[in-house]
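Here's the structure, in structure tokens; my notes come after.
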Number of protein chains: 2
Amino acid sequence: MTGHQAPRRGRGRRPAAEVRASVLEAAGRVLLEEGLPAVTFDRIAREAGSSKMTLYKWWPSPGALAAEAYFAGSEEALDFHDSGDLAADLTAQLTAFVRLLTVAGAGRPVSELIGAAQLDPELGRAWSESYALPRRELARVRLRIARDRGELREGVDLDVMVDQLWGAVYHRMLVLRVPFDETLAPRLVDQALHGAARREAEPGA
Amino acid sequence: MTGHQAPRRGRGRRPAAEVRASVLEAAGRVLLEEGLPAVTFDRIAREAGSSKMTLYKWWPSPGALAAEAYFAGSEEALDFHDSGDLAADLTAQLTAFVRLLTVAGAGRPVSELIGAAQLDPELGRAWSESYALPRRELARVRLRIARDRGELREGVDLDVMVDQLWGAVYHRMLVLRVPFDETLAPRLVDQALHGAARREAEPGA
């Protein structure tokens with residue numbers, strides 16, 4: 001603990017919630033700016049004016065800290081709105097998600113995190129529990145509202161919608177590894193909501 | 001070159017195509033049985049009765065060899081049929097894909113390969129060029145047939161269909177990291193083809 005990196009009140013005085021917030025902020029910033037390998041307990045403790053012991057106590061590994069920091073740091077950017085127009089709201093949220101990964105530069109650190117999660121079961125669990133599943137639950141909440149309003153068809157599978165909207169973006173980034181931009185968002189939403197098949201009842205079909 | 005692991009004719013006698021096939025077979029088998037870390041040039045040269053120099057000449061890295069071996073080894077299992085019924089054909093292919101990842105045990109090595117691809121740009125390129133993009137092209141071929149037959153709606157985005165079918169499976173495996181089984185396949189196909197939205201013209205809607 002050098003303490004010269006972040007101004008703070010006397011040693012041991014900061015409430016735990018405040019320390020936790022500083023640590024998550026520092027970890028999220030280092031992750032986005034320098035990538036996953038830069039997120040070490042040493043570095044983050046120094047940047048947050050905390051102690052390495054505290055970090056060891058709160059997180060099983062630097063990867064788990066990075067996953068939680070990314071969740072906390074992206075929460076506002078990836079917020080779900082309810083304007084009453086499901087297609088518009090999904091398009092807005094997915095556009096924000098694509099921008100975060102592309103223009104805001106989160107694509108590389110997020111790919112590194114998910115990549116490392118495939119090779120390290122403990123980080124895999126941390127990524128899943130601290131980021132991916134909580135984010136899916138936020139998407140489900142917005143989709144349940146739409147279902148309860150009768151905007152979705154009977155028997156719709158909300159988890160499949162999540163796979164076909166956000167999962168589709170991850171597919172381009174992680175599996176195909178091709179460039180993509182926010183023009184993808186409305187196409188994903190349109191096809192997820194209205195399907196790719198020609199409708200039997202369509203005029204002229 | 002010890003030569004005692006695989007029976008072969010005299011040194012230097014095998015045609016290149018035959019050596020290449022043996023190497024891909026050995027790499028695919030070791031990848032599926034033991035995972036990506038076991039796929040080394042040393043090990044695969046020994047198993048295939050080839051020389052390490054040959055492997056160095058043909059593949060930039062063991063990861064690139066593993067990606068091509070997985071493509072070659074999964075080609076038959078992941079073949080696209082054309083029975084004239086798009087939904088049935090997509091469901092059959094996706095069911096085979098899910099089975100390959102789950103009951104056939106390819107999930108772990110494929111996750112490792114894609115994971116390592118996020119951390120190693122050269123492997124990333126090899127995975128994308130030797131597996132992911134060629135497989136997408138095979139899917140596009142089947143989808144183009146359906147589009148040309150008028151089974152898909154005007155302006156449909158075939159790449160988005162690929163993202164919303166196969167990408168959705170990868171999403172569960174890599175990002176959410178939750179168990180899944182072949183019951184996912186028909187749900188993905190149904191929602192990708194017919195959409196999640198309630199249809200305005202639907203009786204009772």
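Chain letters run A, B, ... following the sequence lines, proteins first and then strands; every chain starts at 1. Because the structure is predicted, anything quoted here is derived from the model rather than measured.
Ranked by non-hydrogen atom pairs under 4.5 Å with chain A, the options Gly155(B), Gly167(B), Ala196(B) are led by Ala196(B). Put simply, of Val162(A), Val156(A), Leu176(A), Leu36(A), the one with the most heavy-atom pairs under 4.5 Å next to chain B is Leu176(A). Ranked by non-hydrogen atom pairs under 4.5 Å with chain B, the options Val178(A), Val169(A), Asp190(A), Leu165(A) are led by Asp190(A). Among the candidates Met161(B), Arg136(B), Gln118(B), the residue making the largest number of heavy-atom pairs closer than 4.5 Å to chain A is Gln118(B). Of the listed residues (Ala87(A), Gly124(A), Gly35(A)), the greatest number of heavy-atom pairs within a distance under 4.5 Å of chain B belongs to Gly124(A). In terms of heavy-atom pairs under 4.5 Å with chain B, the best-connected choice from Arg125(A), Glu151(A), Met173(A) is Glu151(A). Taking chain A as the reference chain and counting heavy-atom pairs below 4.5 Å, the highest number among Pro37(B), Ala132(B), Ala192(B), Ala146(B) is found for Ala192(B).
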*Would Arg144(A) and Glu137(A) count as a salt bridge (Lys or Arg N to Asp or Glu O under 4.0 Å) if you check the C-alpha gap in whole Å, the side-chain angles of each, and the deciding distance to 0.1 Å?*
CA-CA 10 Å; Arg144(A) 277 189 211 115; Glu137(A) 187 50 33; 3.3 Å; yes

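Between Arg29(A) and Glu34(A) there is no salt bridge, since none of the side-chain N atoms of the basic residue sits less than 4.0 Å from a carboxylate O of the acidic one.
Looking only at distances, no side-chain donor or acceptor of Glu68(A) sits under 3.5 Å from a matching main-chain atom of Ala64(A). Looking only at distances, a side-chain donor or acceptor of Ser51(B) sits under 3.5 Å from a matching main-chain atom of Thr54(B).
Tyr131(B) and Trp166(B) have their aromatic ring centers separated by at least 6.0 angstrom.
In this pair, His171(B) and Tyr170(A) present their aromatic rings parallel. The plane angle is below 30°, not in the 30 to 60° band.
Interface residue Arg187(A): backbone and side-chain heavy atoms are both found under 4.5 Å from chain B. Contacts between Leu143(B) and chain A at a heavy-atom distance below 4.5 Å are absent for every atom of the residue. Residue contact with chain A, scored on non-hydrogen atoms closer than 4.5 Å, involves the side chain of Leu119(B) exclusively. Of the two parts of Gln191(B), the backbone and the side chain both hold a non-hydrogen atom closer than 4.5 Å to a non-hydrogen atom of chain A.
A cation-pi arrangement, defined by a distance under 6.0 Å to the six-membered ring centre and an angle within 45 degrees of its axis, is absent between Arg177(B) and Trp127(A).
Of all heavy-atom pairs spanning Thr91(A) and Thr95(A), the tightest one is O-OG1, 2.6 Å.
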